[in-house]
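Start at 1 and go down the list; that is how both ligands and their atoms are numbered. By convention here, the first residue in the shown sequence is residue 1.
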Amino acid sequence: MSGPRDWSPEEAPRRGVVRRILPVALVFAAVVGGVLYLGGDLRDLLGTEPGSARSAVAAARVYEESGPLGGRCAGLPEDLEADAAATLNALARCLDRMWAAALEPAGVDYESPGEVRLVGTPEEAACGTGDLDWAGIYCGEGRVVNVLVEDGPERREVFPMMFTLAHEYAHHVQTLVGISGRDGSEVFDEAWSRRLELQADCLAAAALRDVRPYLLNDLRRAVADGEETGATEEAASALRASHGSPRNGARWMLRGQKTGAVGDCNTWKAPEREVS
Ligand SMILES: [Zn+2]
């Protein structure tokens, strides 16, 4: 099984796997309650038995050793809406600094994305050009972060675009630390995709927690309410399959927002109901 998603692997890019990240449906979360120590049977049930791809991802050292994400973004314009590109470019520089600082204690030598490309239409992106229904996409090949910035009166608010940028940055980090791009039959199924996407939402919320807390709260509530922008039922269903339910999205956002800890965004250890 394969699901539409907003990242494309470094090699063997697959066509048609990119889908829209709806402005407010970018997130997901789960009721992460005390599943830190799973019993053997449950561990098997969850697919985290030693040696599995998920087990390796769940045990990545970044969860234990990274510093917290967060902090203000000093270079951000006072008026976020005045010039969306200037706002997003300023945020990208902050995300680079945040991630470099957070990953340094874990021994990860952070590298910025190869390019942050703000595009007016999906055709201008480095990948995913065959799917015109996304708001952001990370291209593993060339490590390009793409965010759709629409101009004109229909333009959406800037903060959801900022969240999209932080979400795609999280996919970049997942690539850097070896969480994405793994081999194995389980890697490309829908369940894998949901863990990857919910984690990216959690990490995005962690990174933005001190940047504009009230806007992040608003966005999280909108996600929890399942607000979507003109999506068909079919599109909403596909989004849920690959990115998780709105409710879980909001829950994972809240986890990241609360502590900023990378370890609190370990969706790979969560039971299925928290990543559905
Ligand atoms: Zn994503």
Side-chain angles (χ1 to χ4, degrees), residues 2-10 13-14 16-30 57 69 88 91-92 95 99 113 116-119 122 125-129 131-148 160-182 187-208 219-220 223 228-229 231 235-236 238-246 248-253 255-256 262 265-268 270 275-276:
S2 67
R5 61 193 73 183
D6 66 299
W7 61 272
S8 102
E10 291 185 84
R14 302 157 83 237
V17 295
V18 184
R19 78 161 292 95
R20 178 181 184 94
I21 301 277
L22 297 166
V24 294
L26 294 173
V27 220
F28 351 47
V57 170
L69 285 161
L88 293 169
L91 179 61
L95 289 169
W99 275 113
V116 175
R117 194 179 293 191
L118 306 180
V119 300
C127 67
T129 54
D131 185 328
L132 307 185
D133 198 20
W134 50 259
I137 185 168
Y138 178 69
C139 307
E141 190 176 352
R143 298 185 170 179
V144 182
V145 166
N146 305 267
V147 174
L148 186 63
M161 293 186 215
M162 293 168 66
F163 192 86
T164 298
L165 180 67
H167 174 101
E168 305 308 336
Y169 254 78
H171 284 320
H172 172 61
V173 171
Q174 287 169 328
T175 299
L176 282 183
V177 304
I179 288 175
S180 53
R182 301 187 76 89
V187 170
F188 287 114
D189 69 12
E190 298 282 24
W192 186 277
S193 176
R194 287 194 298 275
R195 290 182 193 276
L196 201 68
E197 296 296 345
L198 290 167
Q199 179 170 55
D201 279 344
C202 182
L203 293 173
L208 296 180
L219 181 63
R220 195 189 69 247
V223 168
E228 287 167 356
T229 54
L239 185 69
R240 184 183 177 112
S242 61
H243 285 68
S245 68
N248 275 341
R251 285 173 170 167
W252 280 106
M253 274 179 89
R255 274 183 74 81
V262 174
C265 293
N266 192 348
T267 53
W268 307 95
V275 290
S276 60

Which atom of V275 lies closest to which atom of A270, heavy atoms considered: CG1-CB, 4.2 Å
Which atom of L196 lies closest to which atom of H171, heavy atoms considered: O-CE1, 4.1 Å
The criterion is side chain to side chain donor-acceptor pair (under 3.5 Å); which residues satisfy it with S180, sequence neighbours excluded? T175
Please list, chain by chain and in numerical order, all residues satisfying side-chain contact (heavy atoms from CB on, under 4.5 Å) with R240, sequence neighbours excluded. S245, P246
Would one find an N, O or S atom of H243, in either backbone or side chain, under 2.8 Å from the Zn ion (ligand 1)? no
Check whether any N, O or S atom of E168 sits under 2.8 Å from the Zn ion (ligand 1). no
Taking the Zn ion (ligand 1) as the vertex, what is the angle from NE2 of H171 to OD1 of D6, given to 10 degrees? 120°
For the residue pair H167 and H243, does the interplanar ring angle fall in the parallel (under 30°), tilted (30 to 60°) or perpendicular (over 60°) class? parallel
Considering only N, O or S atoms of E197, the one closest to the Zn ion (ligand 1): OE1
Only N/O/S atoms count here: what is the atom of H167 closest to the Zn ion (ligand 1) called? NE2
